[in-house]
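Here the structure comes first, spelled out in structure tokens, and everything after it is commentary.
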Amino acid sequence: MKNIILKSFVFAMLLGSFVSCDDFFEIKRPQETQWTNTATFEQGLNSAYWLIQWGNGLGRGYPIFHDFAASGTARKTVTGAAGLNGDELYYRKFGERLTRLSDIWAQGYQVITLANLALDLDKKWDGNPFNMNINSEDYQNNYIRQIGEFYFCRAYAYFILMKTFAPPYDHNGSNDILTIPLKEEAAYSKDDVLNEKIGTREDVYQQIIHDFKKAKELLPDQFTLNSWNNVAGYEAGRGNKWVATALLGKVYFLMGKYVEAKAEFEDLINYAESTGTYSLEEVPKEAFNKYQAEVYPKESIYEFNGGDPLGASGKRNLYLYTGMVMGLRFRDSNGDEITNVATNGQGTVISTWNSFAVSYTALKQMGWMVDPMNGDYTITAEAKADLRYQQCFHLLNPMPQNTPGDNIPKGSEGYVTYESFPGHAHLTTPHVYIDKFFRGEAPYGRLSKFPLIKLAEIYLLRGWIKWKGGDLQGAADDLNKVWNRSNPNNINRHTAANITHESIYSEYLREMMGEGWTVDFIMGTQMDAPQGDDPLTPVIQPPYSNWYWPIPSQEESLNPNYQYNEE
């Protein structure tokens, strides 16, 4: 962490290099810093959001991939090592240092540093560092919102860091073990760097709660765009009041603070239902097939913003990279439906990078495959009737016997029916793949947006809390809102008489598989983390004390205080 803080210190010094004094905190006129008005203040936010959305650690779907691979709902499809440290995640080898995770560490603290610089400036100048008219539209609609967004970004970064590098919050035990550096201010001197605070698990989670609450307080329901930010799609991928509300509720849920979580979820649901700003899409695929920044799926509260809202020339590289490893389609897929077109760049392109399908144990849990662990791979009538299975998943059969092992060319019979590339030639049983990525129409498949928080999940989480509290009919009502959308010919499946944790978990998997929150549901509900299909993967019981990854070795070696206390 010293490396990160030293970089932060250098950044702070650079920020202060535009003034004549030596100490950034000794400046008398903040107008002389790089941040001189809301338009230049936006540069810090742009950098933070770039890391959160598109950085090779916090962004581009890496947290989503980590969740799926480790959740017990994935099935490995390759004979060698899965990419992106997939084997270590899949087999839950938590003691190993993963090179890919060093980017999460570095980028998380870069976001925190950017936020701290901005929030320090705000505090130093009593909420008005640019000497603005506090009644002006620019102050009310831009500056206050920007401060709220900096709180949001800091909370988001700490949340991801804690879920990656710290033991999960213990619902019934002590949370005073030391975890990761907790920086509430930027470093401006060597002493600041050398005396950083290592936060306890409780300390850091309370900071996350504080920051999401501040974001909720300061951020608007929806952005008001004016002057320099009046750009179509400006709000895509950014936090507003209801994104902060959703994440605050999810933090509480993960911590086992169900009363507080339910209150946040109800705030959001009441807003959605009373204003219509958010609502369940008519069919589930509609949350996954948008590519224009300015087109918001009604169901997406927060989303990965594929591409660039300004249409920058480099936007082709800003896609959900990990979707190719955990999903059916390659980044060059174009079109919402499964198609089989010979022309290169048209229709569905099967990903030759895929390393994971849906686990057989999860398919059995969802009621979508009869008994795959005992050799019956029949897709059930329930699955065939469910729009989620029809639209967001896809079955590939093994290559027929006596068929050459070469690729099945695109456009040939069987390309979207059989395992069509040599890397899956060893598969001898049917596999169901997640098909939620790269669904935008031609030629924009790789720029497809992706929901990071969906309204459907909020109903499901509130439903579980109601069930836990004994409100069985209320729980069934919440689950039926989600079920009925995907099963219009078989509505109101869930009742007070049949709702259980298992039925809620099954519904959660049907709806949320591969969207990045399954482990949070497992830990939030305190169920056993399932083994999945592979006997080498351990079942892990609450409080999941070993479910975290070591911090980068170059950081740990600089400060012995990074070592965790013995539990």
Side-chain angles (χ1 to χ4, degrees), residues 1-2 4-5 8 12 44-45 48-49 51-52 57-58 63 104-124 127 146-171 173-188 192-193 195-219 239 241 243-257 260-261 263-264 302 520 523-524 548-549 551 555 559 561-562 564-565:
M1 184 57 207
K2 287 287 191 299
I4 300 300
I5 299 302
S8 304
L45 272 177
Y49 277 123
L51 292 164
I52 287 171
L58 292 181
I104 293 180
W105 181 271
Q107 292 171 8
Y109 278 102
Q110 287 169 19
V111 170
I112 290 164
T113 294
L114 285 164
N116 282 342
L117 288 166
L119 297 174
D120 289 351
L121 189 66
D122 179 70
K123 293 173 186 175
K124 175 69 176 179
Q146 288 171 325
I147 293 299
E149 286 185 274
F150 278 117
Y151 276 113
F152 171 84
C153 290
R154 186 169 73 177
Y156 186 89
Y158 270 127
F159 191 32
I160 298 298
L161 286 166
M162 286 296 286
K163 292 202 299 177
T164 308
F165 298 106
Y169 195 87
D170 191 337
H171 290 199
S174 171
N175 288 288
D176 61 359
I177 63 169
L178 296 176
T179 57
I180 62 175
L182 177 56
K183 301 293 294 182
E184 300 172 62
E185 296 179 347
Y188 298 96
D192 291 341
V193 175
N195 293 288
E196 62 187 12
K197 173 184 176 182
I198 308 299
T200 67
R201 185 161 51 189
E202 186 69 38
D203 289 338
V204 183
Y205 270 103
Q206 289 303 321
Q207 185 65 48
I208 293 168
I209 289 169
H210 169 272
D211 285 357
F212 276 137
K213 282 184 174 180
K214 288 293 292 183
K216 182 180 177 181
E217 172 191 337
L218 296 172
L219 289 172
K241 176 178 180 178
V243 179
T245 301
L247 281 164
L248 178 58
K250 288 167 74 63
V251 171
Y252 280 136
F253 186 82
L254 186 60
M255 297 171 70
K257 299 183 180 298
E260 293 89 341
E264 299 303 324
Y302 187 46
D520 287 50
M523 293 183 176
Y548 67 94
W549 303 95
I551 67 174
E555 304 296 344
N559 189 337
N561 291 329
Y562 296 152
Y564 294 113
N565 293 342

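Atom set for the values below is all heavy atoms of this structure, side chains included, hydrogens, waters and symmetry mates excluded.
Of the possible polar contacts, one joining the H171 side chain to the L254 backbone as a donor-acceptor pair under 3.5 Å is found. Judged purely by atom type and a 3.5 angstrom limit, R154 has no side-chain atom pairing as donor or acceptor with the backbone of L114. Side chain of Y156 to backbone of F212: no donor-acceptor contact under 3.5 angstrom is found. Side chain of E202 to main chain of D176: no donor-acceptor pair is present (N/O by atom type, distance under 3.5 Å, no hydrogens or angles). The main-chain N or O of S174 is found under 3.5 Å from a side-chain atom of R201 such that the two form a donor-acceptor pair.
Remark: A215 engages Y151, F152, L219, A244 in a side-chain contact (heavy atoms from CB on, under 4.5 Å) (not counting sequence neighbours). Every residue was checked against the ring-ring contact (aromatic ring centres under 6.0 Å, His included) condition with F159, not counting sequence neighbours, and none meets it. Listed by chain and residue number, E264, D267 satisfy the side chain to side chain donor-acceptor pair (under 3.5 Å) test with K216 (two or more places apart in sequence, or in another chain). Scanning for side chain to side chain donor-acceptor pair (under 3.5 Å) contacts around T200 gives D203, with sequence neighbours left out. For K241, there are no side chain to side chain donor-acceptor pair (under 3.5 Å) partners at least two apart in sequence or on another chain. For E217, the side-chain contact (heavy atoms from CB on, under 4.5 Å) criterion is met by K214, not counting sequence neighbours. Listed by chain and number, the residues in a side-chain contact (heavy atoms from CB on, under 4.5 Å) with A261 are Y252, F253, F265, I465 (sequence neighbours excluded). Remark: Y158 engages no residue in a ring-ring contact (aromatic ring centres under 6.0 Å, His included) (not counting sequence neighbours). Annotation: salt bridge (Lys or Arg N to Asp or Glu O under 4.0 Å) contacts of K257 (sequence neighbours excluded): none. Here Y49 pairs with E149 under the side chain to side chain donor-acceptor pair (under 3.5 Å) rule; sequence neighbours left out.
Heavy atoms only, all atoms of each residue included: L117 and A186 are closest at CD2-CB, 3.7 Å. Heavy-atom minimum distance, L58 versus I160: CD2-CG2, 3.7 Å. P167 and I177 make their closest contact through CG-CD1, 3.7 Å (heavy atoms, listed as atom of the first residue, atom of the second, distance).
In this structure, the side chains of W105 and I180 come closer than 4.5 Å at one or more pairs of heavy atoms. Side-chain atoms of D120 and Y188, non-hydrogen and from C-beta on, do get closer than 4.5 Å to each other. Residues E196 and K183 are in side-chain contact: their nearest non-hydrogen atoms beyond the backbone lie under 4.5 Å apart. Proximity of T179 to I198: side-chain heavy atoms (C-beta onward) are nowhere separated by under 4.5 Å.
The structure places CD1 of I208 at 13.5 Å from NZ of K213, a figure rounded to the nearest 0.5 Å. Taken from CG in D211 to CD in E184, the straight-line distance is 8.5 Å, to the nearest 0.5 Å. Taken to the nearest 0.5 Å, the CD atom of E260 stands 9.5 Å off from the CG atom of L248. Here L45 contributes atom CG and I147 contributes atom CD1; the two are 8.5 Å apart, rounded to the nearest 0.5 Å. The line from CD1 of I112 to CG of L119 is 11.5 Å long, rounded to the nearest 0.5 Å. For the atom pair NZ of K123 and CD of E185, the computed distance is 6.0 Å after rounding to the nearest 0.5 Å.
Applying the salt bridge (Lys or Arg N to Asp or Glu O under 4.0 Å) test to pairs two or more places apart or on separate chains, those with a residue in residues 155-169 are K163-D520.
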